[in-house]
Amino acid sequence: MELPFAESYRIKAVEAIKRSTRIEREQWIKEANYNLFALKSDYVFIDLLTDSGTGAMSDRQWSAMMLGDESYAGARSYYNLKDTVKEILGFNYFLPAHQGRAAENILFSAIIRKGNILPGNSHFDTTKGHIEFRQAVALDCTIEEANHTQLEVPFKGNVDVVKLEKVLKHYPREKIPAVVLTVTNNTAGGQPVSMENIKAVAALCNKYGVLLLIDAARFAENAYFIKTREPGYADKSIKEIVREMFSYADMMTMSAKKDAIVNIGGFMAFRSEELWKSCKKFCIMNEGFITYGGMSGRDMNALAVGLDESTEFDYLETRIRQVEYLGLRLDEYSIPYQRPAGGHAIFVDAKQVLPNVPREEFIAQTLGIELYMEAGIRGVEVGALLADRDPTTRENRYPALELLRLAIPRRTYTNNHMDVVAVALKNVYDRRDKITKGYSITYEEPIMRHFTVELERSE
Ligand code: F0G
């Protein structure tokens, strides 16, 4: 008999989580103005709000923390991380930052001017925020297939190269400071980008003299999909694939809270010394001196170990198979989600799960609230609330998809927790005919409103 699959680690420290009653949760979510971000974490049983900074560090990472060098300038921990970035990602120049958006802020301060265009595949919301804040445009050129949740496409995060070339042809070179390639494509469902697509995008960048920026938050998960799905890569190690992926890029930003499995941290890396130099002053102004950039020495040490661990096949197999497991459980109840299962999350297709809620009443948010009330599970809306208003018309933007993202923290929950999530969703799905009303906004910020929005039940 074939042996069943099991995790490639065992558990050394645990953290208690609390159950609650439906009556308590109804009260708590009301007090939170129906914004899941406003809930105390103690009010959450299974927290799938994000996979960012929520993973469990390894014994190797914790022990590396004890060896942190906390010198303000020239710390050993900085050189250790710099060497690891060079070895694993292949970049000679690097600047630390306290998290991904801080790296974006520094890099974009150096390269973006008002009126610029940055095409790419579904820019993450802080990336889009940093671009739009500078009165530039984040232009989404993701392949059309990504908008159809039931299509099984192996690299659904890809850039539509025909669309991209049209953009590169249309605008003068000086208007486009970079193409932003996000691996995996978070917004489209944690969907990977193929090596073939990375190469094709890089070739277009070369042809039009535009820089290629990789937003690398989940680069290791992307490499796993290349290894397991793309012809020609099955026999390559994850580390070899990672080196190849980055060999096509001019620079990268990294939220180390994802695929470097740390609770806080980030960096940017560059092929050219010139780019590195143009970012240094922004690092010093906003983050800290260039050899710590907002991180402590111990954080940098843990990050370096995390980069090494996340680029090991066994770790990635355990990780991705857990996400797949949740997908398979949802299949048993015919609950529709962005197929195939993503790298870090399952994105439930809220329009199909709650067909009677009008889009003006925020379908995916409504599903998120229902799931929380059902079982204390917290997901996050990836829909009209997150899409913000159009910067010019100030009208609500309604994206093609309304998704509820269930992001799975790394090495944190067991498959029993996934079973609870699946059954809770089934219970909501079973009473979908009765869920006809959503929520309306009572307070919102002009940009990135979903973090702080306040809502009330629609009557
Ligand atoms: N890029 C991508 C693709 C991301 O998913 C994130 C963060 C960032 C950049 C920004 O990094 O949080 O370290 O400042 N994503 C988190 C999420 C918050 O929940 O998906 P950060």
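Both counts, for ligands and for their atoms, begin at 1 and track the order of listing. No hydrogens, no waters, no symmetry mates; every other heavy atom, side chains included, goes into these values.
Residues with a heavy atom under 4.0 Å from ligand 1: T50, S52, Q99, G100, R101, E104, F124, T126, T182, N186, D215, A217, R218, S255, K257, K258, R405.
Counting only distance, with no hydrogens or angles, the side chain of S77 and the backbone of E70 share no donor-acceptor pair below 3.5 Å.
The ring-ring contact (aromatic ring centres under 6.0 Å, His included) contacts involving residues 397-420 comprise Y413-H417, where partners must be two or more places apart or lie in separate chains. Identified under the ring-ring contact (aromatic ring centres under 6.0 Å, His included) test for residues 33-64, with sequence neighbours left out: W28-Y43, Y34-Y439, F37-H450, F37-F451.
Considering K227, R319, R321 in turn, R319 is the only one that fulfils the salt bridge (charged side-chain N to carboxylate O under 4.0 Å, His left out) rule with E221.
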Can you give each donor-acceptor pair under 3.5 Å made by side-chain atoms of residues 89-98, sequence neighbours left out, with the distance rounded to 0.1 Å?
residue	atom	partner	partner atom	Å
N92	OD1	K86	NZ	2.7
H98	ND1	E287	OE1	2.8
H98	ND1	E287	OE2	3.0

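For Y78 and Y292, the gap between ring centers reaches or exceeds 6.0 Å.
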